[in-house]
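Quantities reported herein were computed from a predicted structural model and do not represent experimental measurements. Residue numbers run from 1 in the order of the sequence given.
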Amino acid sequence: MTAHASRAHGDWGVVMAFLVLGVILLVLKWAEVAWVATLPWGWVLAPFGLAALWWWWADWSGYTRRQAMKREEARKAARLEKARADLRARTPRR
């Protein structure tokens, strides 16, 4: 499983937080609302850079791969437990 395929299922929390913050700041800056209008563009666009940095680090460090492996192991364990439970249910009691 590639890093991009595993990301489709999982750990979007950090990236989504950066992206949502970036979009909110961008809209507020564009609409010239409150104190955000006085912020330099670098601060407004920084969350997008942080999201890209997080993606780079997650792939570089192996974090994405480890998370994918954890999800796969959990799926395997659940499948094995279900198969065992099914076998116990089918076994006639004496």
Side-chain angles (χ1 to χ4, degrees):
M1 181 181 288
T2 66
H4 299 291
S6 66
R7 204 179 289 124
H9 296 105
D11 195 51
W12 280 90
V14 173
V15 173
M16 286 305 292
F18 284 139
L19 293 178
V20 167
L21 177 63
V23 168
I24 290 170
L25 289 175
L26 193 62
V27 167
L28 291 174
K29 176 78 170 174
W30 177 75
E32 297 181 1
V33 174
W35 59 272
V36 180
T38 62
L39 282 176
W41 277 103
W43 284 102
V44 173
L45 299 176
F48 297 112
L50 291 173
L53 186 64
W54 172 261
W55 272 326
W56 171 82
W57 177 84
D59 287 343
W60 173 82
S61 69
Y63 176 80
T64 304
R65 176 68 50 126
R66 286 191 304 275
Q67 294 303 330
M69 289 169 60
K70 283 181 187 177
R71 283 190 300 276
E72 194 62 35
E73 288 298 321
R75 286 180 53 213
K76 269 196 319 195
R79 191 171 54 238
L80 183 59
E81 184 55 38
K82 182 180 180 313
R84 286 181 180 158
D86 288 347
L87 281 174
R88 282 191 296 263
R90 290 184 196 162
T91 305
R93 305 272 179 198
R94 292 184 191 186

Review point. So, for W54 and Y63, is the gap between ring centers shorter than 6.0 Å?
Key: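 Between Y63 and W54, which both carry aromatic rings, the centre distance is below 6.0 Å.
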
Exercise for review: Identify whether V23 and W43 are in the same connected component of the hydrophobic contact network (ILVMFWY, side-chain heavy atoms under 4.5 Å).
Suggested key: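 Hydrophobic grouping puts V23 with W43.
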
Check your understanding: Are L80 and L87 grouped together when hydrophobic residues (ILVMFWY) are joined by side-chain heavy atoms under 4.5 angstrom apart?
Key ->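 The answer is no; the residues belong to distinct hydrophobic clusters.
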
For [X], look at atom [atom1] and say whether over 12 heavy atoms of other residues, nucleotides or ligands are found less than 6.0 Å away.
X	atom1	result
E81	CD	yes
W60	CH2	no
W30	CH2	no

If you take all heavy atoms of [X] and [Y], which pair is closest and at what distance?
X	Y	answer
S61	R66	O-NH1, 3.1 Å
L25	V36	O-CG1, 3.6 Å
P47	F18	CB-O, 3.2 Å

Review point. Do the non-hydrogen side-chain atoms of R88 and R84 ever get within less than 4.5 Å of each other?
Key: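 A side-chain contact exists here, since the closest heavy-atom pair is under 4.5 Å.
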
Point to revise | Heavy-atom check, side chain of L45 versus side chain of L26, under 4.5 Å | key: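 Contact flag for L45/L26 side chains = yes.
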
Practice item. Spell out, as yes or no, whether a donor-acceptor pair under 3.5 Å connects the side chain of K29 to the backbone of L39. Key: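 At least one qualifying donor-acceptor pair exists.
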
In Å, rounded to the nearest 0.5 Å, how long is the span from [atom1] of [X] to [atom2] of [Y]?
X	Y	atom1	atom2	answer
L21	F48	CG	CZ	8.5 Å
I24	L19	CD1	CG	11.0 Å
E72	R75	CD	CZ	4.5 Å

Check your understanding: In terms of side-chain geometry, is the basic nitrogen of E73 or K70 positioned less than 4.0 Å from the acidic oxygen of its partner?
Key ->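 Salt bridge flag = no for K70 with E73.
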
